[in-house]
Amino acid sequence: MAVSAEGTHSIVFPLREAALTAVIAAALMLPMIGIFTVSRGGALIVETRLPELALSVLLVFLGRLGLIYARDGKPALSGGLGIAVALAGWLGLIPGDLLKVIAIGGGALLAVRAVMATDAGKVLGQKFSWRNGQSDKAGGSVFTRRGPWIGAALIVFALALPWLPSALRRSFRPLPRLLLPSRGR
Amino acid sequence: MEYFLQQLINGVTLGAIYGLIAIGYTMVYGIIGMINFAHGEIFMIGAFIALVSFMILAPVGGAMVGLALIIVLLVSMTLTAVYGWALERIAYRPLRTSPRLAALISAIGMSIFLQNYVQLSQGARVKSIQPVITGGFTLFEGDGFAVTLSYMQIVIILITIGLMIVFWGMISRTVLGRSQRACEQDRTMAALLGVDVDRTISITFVIGAGLAAVAGMMVTLYYGVIDFYVGFLAGIKAFTAAVLGGIGSIPGAMLGGLLIGLIEAFWSGYFTIEYKDVAAFSILVLVLIFRPTGLLGRPEVEKV
């Protein structure tokens, strides 16, 4: 089956751009994440964390690829990638707490970005954008008018943080125990 | 007199390091009118990359310290320059048309991010290495006090002078330097005349990060101790140096760095080491009261 030049371009170009980003990310992360120094018996020695480095670079590659797809009007591909990465983190396929959180958070953001790239999302985005220059005009933008509601939603999000996956502590001490000194003291 | 000379040598060495960092602040301010508060962390990353490179080269570089130093310098400059480029690309370029406050908050955010990134990846403990360049000259002795000039201090001063000459030549005699000066005067007009403004700004960040990496390597070698927090105070001091010399002025940054280094060294040597930062910042306050544009800064003239 023949593939048109345009089709080849649309497949190769995002991959090439994402690969370039991954190469830069590898250069940035190699001396910090890939190689690290530890003190053993009073002397400093070098150790490596190459699997973590490879995984971090892979996450950057997938994230960039998803962003390119969203930018190029392919929200289904972008959203699919985002959900896949987030699920991989959620299901524990990615080792390490930090990488897991990055995968879930980054994947979720990518999925949201994909939704914003759909036609409905674009309309919504324009409505809420602070860049549309309406905030100084009479009535203000939707963002300005609904600011208190968005603030309230963010407070709800903050309060929901302990229930999110990867939260280290889910149990709550009763409020009086936090306020009153313990008997042991 | 001997003690005075020793403090002078120490102050010049310290001033050279501050000056190299201060140039990064002043160049970025000159071109985009923004204080890059993450520049101290770029310096810290340069120091860490130098440390890691040294540790890797330690087994092979024992006999060839000079070659190892050059390799570490090049690796550190290159990788830190990539950090500088990425910082501009991710945190500042998208905000170029936004209000200045947004870019400032972004800079502070990047500073905190980079600190935590290094803390997580390299650990929170202080890293110390054995001295790589040891020995020095005893210039003269008197009253039981010997004035020494260590090889490390010579290396720091020579590298700084060499870099300053190269840097000055680049700014005054190359196309890139001319583009930078054009962007500094008027970015819109420079763009209309065919200067690639985005590229020029990126290269400015790259150069600033490269110089900060050299300073980072020198601090690693000179003091032998670094941690993830080392960029904060050094960054603040270098920023002070840039303001003292006149922010936006490259000779001013070097002069400011030298002044801060000398004030610190003499105050520590003759008064008390605890208040050396107070002395440096007090001089800054006094200079800014009587000369708000700094020592070599030019007042901004608003044309009507």
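What you see is a predicted model; the values in this text were computed from it and never measured. A, B, ... follow the sequence lines: proteins, then strands. Residue 1 opens every chain.
For residues 198-228 of chain B, a heavy-atom distance under 4.5 Å to chain A picks out no residue at all. Annotation: residues 107-132 of chain B contacts chain A through B:Y117, B:V118, B:L120, B:S121, B:Q122, B:K127, B:S128, B:I129 [non-hydrogen atoms, separation under 4.5 Å].
By the 4.5 Å heavy-atom criterion applied to side chains, B:Y83 and A:M32 are counted as neighbours.
Of all the listed residues (A:V46, A:L28, A:I33), the one sharing the greatest number of non-hydrogen pairs under 4.5 Å with chain B is A:L28. With respect to chain B, the highest number of heavy-atom pairs below 4.5 Å among A:I35, A:I45, A:V38 belongs to A:I35.
In B:M189, the CE atom is not crowded: 12 or fewer heavy atoms of neighbouring residues, nucleotides or ligands sit closer than 6.0 Å. Within a 6.0 Å sphere centred on CZ of B:R100, other residues, nucleotides and ligands contribute 12 heavy atoms or fewer.
Only the side chain of A:L98 has a heavy atom closer than 4.5 Å to any heavy atom of chain B.
Atom-to-atom distance recorded for B:L51:CG and A:L44:CG is 5.5 Å, nearest 0.5 angstrom. In this structure, the separation between CH2 on B:W85 and CD1 on A:I24 is 4.0 Å, given to the nearest 0.5 Å.
Scanning all heavy atoms of the two residues, the minimum distance from B:V52 to A:P31 falls at CG2-O, 3.8 Å.
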